[in-house]
Amino acid sequence: MLTIEAAEILLVRLPLKFRFETSFGVQTEKLVPLLVLHGGGLQGVSEGTMEWAPMYREETVAGGLHLLREVFLPRVLGKTFANPEALNAALGSFRGNRMARAMVEMAAWDLWARTLDTPLGALLGGHKTEVEVGVSLGIQPDEAATVEMVRRHVEQGYRRIKLKIKPGWDLQPVRATREAFPGIRLTVDANSAYTLADTGRLRALDDFDLTYIEQPLAWDDLVDHATLQGRVRTPLCLDESVASAQDARKGLAIGAGGVINIKVARVGGHAEARRVHDVAQAFGAPVWCGGMLESGVGRAHNIHLSTLPGFTLPGDTSSASRYWETDVIEEPLEAVDGLMTVPQGPGTGVTLNRDFVGRVSELYEEHRAP
Ligand code: OSB
Ligand code: MG
């Protein structure tokens, strides 16, 4: 049984070690909301992946924290559930806001796995002890800087390089990278910056042997992606526009893409992420685990999810030390030669660094059943 006795909400601001530019903006720091659920003398921890403003999808940190306090935590505090899916069903009548709901769901999975003394990945049905990872590289000032950045990460053994692109900065970095590294697994991510009017430019990417083009069109679109997929040879990979297993089914059924980037929190948590994985397997579509520049807490959740068998393409879950001088967890999460070892031990296998988090937290709240 899973009894939720108390909850803590924390908010940490971490400076990023690199400037991360995407088609929707520039990031130099990360606002990390954390949720700790307590029960039976154990703790489960999760990380929110919404951003301070609705730039990637519609959710925000402030909106998510409001929903936790006022709507979601009151539904679970002081209550007992058979398992994390039963707990999540208590939030099932609420619409959207999947990243906020996922904070509750994912912390519950961690707590549940610790209660059963089992690694989270194994509980979800995964078998791998290490997972293949790549990197997502932000937009650079020019071709030379792009190639240099790619070189550094290829040398570190990352199994796939993903370049962020936007209108006006797409064919140039891709051509330069492909010329310098003819053999690497290369992809691009547009974060919804194009429309069907750009079909010609996107079709030109077919010349560069990309494994996929990630989310070229609108964040809430599937239909135009299907039209585009009929006009380009490179498989499209859906990110933003898949918020559920139903979205995945509809997208794959109409041919909106051939690959899915699964982000646990974007789809509402581990159980839904596993359903997206299962739908993709039924369609024969490979999946991989995306990232949202997570701290160690979210990163560990991602690594565990990536142990499921359908995750056959390298994920974005690169070494934590790329992002942070000091992480919020005790354990290092470091890829070696493009392989990330799944943290051992029950749950996510990682522990909050209470000392560090206590020092840098901008917000600390305890919540109990009334
Ligand atoms: O589209 O995958 C994305 C980061 C923030 C928002 C959206 C995306 C990303 C990344 C970073 O690509 C992946 C990572 O290194 O965590
Ligand atoms: Mg993406």
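Residue numbers start at 1 and run along the sequence shown. Ligands are counted one by one from 1 in listed order, and the atoms in each one are counted from 1 as well.
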* What's the shortest distance from atom 16 (O) of ligand 1 to any protein heavy atom, and which residue and atom give it? -> L293 N, 2.8 Å

* To do: Just to the nearest 10 degrees, tell me the angle at the Mg ion (ligand 2) spanned by E214 OE2 and D189 OD2.
  => 90°

* To do: Heavy-atom contacts with K162 under 4.0 Å: which atoms of ligand 1 show up? List them by number with element.
  => 2 (O), 12 (O)

* **Between Y212 and K162: side-chain donor-acceptor atoms closer than 3.5 Å** => no

* Residue K164 vicinity, atoms of ligand 1 by number, heavy atom under 4.0 Å -> 1 (O), 2 (O), 3 (C), 8 (C), 9 (C), 10 (C), 12 (O)

* Please determine if Q27 has a nitrogen or oxygen closer than 3.5 Å to a nitrogen or oxygen of ligand 1. => no

* Asked: Strictly under 6.0 Å, is that where the ring centroids of F94 and F72 end up?
  -> yes

* Among all protein heavy atoms, pick the one closest to atom 4 (C) of ligand 1 and tell me residue, atom and distance. => F20 CE2, 3.6 Å

* Distance in Å, E51 CD paired with T60 OG1, rounded so as to fall on 0.5 Å steps -> 10.5 Å

* If we only count N/O pairs under 3.5 Å, is R322 in contact with ligand 1? -> no

* To do: Compute the shortest N/O to N/O distance between S136 and ligand 1 and return yes if it is under 3.5 Å, no if not.
  => yes

* **Intermediate values then yes/no, side-chain contact (heavy atoms from CB on, under 4.5 Å), V45 and L35** => CA-CA 6 Å; V45 189; L35 177 69; over 6 Å; no

* Structure fact -> Residue, atom and distance of the protein heavy atom nearest atom 1 (O) of ligand 1 read N191 ND2, 2.7 Å

* Asked: Charged N to carboxylate O below 4.0 Å: is that the case for K166 and E21?
  -> yes

* Check the pair S192, F24 against side-chain contact (heavy atoms from CB on, under 4.5 Å), reporting the backbone distance first and the verdict last. => CA-CA 9 Å; S192 303; F24 60 76; over 6 Å; no

* Structure fact -> Of all protein heavy atoms, the one nearest atom 5 (C) of ligand 1 is M292 SD, 4.0 Å

* Structure fact -> The N/O/S atom of D239 lying closest to the Mg ion (ligand 2) is OD2

* Could you check atom 9 (C) of ligand 1 against the protein and tell me its nearest heavy-atom contact, residue, atom and distance included? => G291 O, 3.6 Å

* State whether the shortest distance between N or O atoms of D189 and N or O atoms of ligand 1 falls below 3.5 angstrom. => yes

* Are any of the heavy atoms in K263 under 4.0 Å away from ligand 1? -> yes

* Under the 6.0 Å and 45° cation-pi test, does R152 pair with Y158? -> no

* Asked: In ligand 1, which numbered atoms sit nearer than 4.0 Å to a non-hydrogen atom of D239?
  -> 1 (O), 2 (O), 3 (C)

* Asked: What part of E214, side chain, backbone, both or neither, has a heavy atom within less than 4.0 angstrom of ligand 1?
  -> side chain

* F356-W324 aromatic ring centre distance below 6.0 Å -> no

* **Minimum side-chain heavy-atom gap V188-I165 below 4.5 Å** => yes

* To do: Search all heavy atoms of D110 against all heavy atoms of G347 and return the closest pair with its distance.
  => OD1-CA, 3.3 Å

* Structure fact -> re atom 14 (C) of ligand 1, the protein heavy-atom contact at minimum distance is Y323 OH, 3.4 Å

* Structure fact -> Residues pairing under side chain to side chain donor-acceptor pair (under 3.5 Å) where one sits in residues 199-208, two or more places apart or in two chains, turn out to be D170-R201, D206-T234

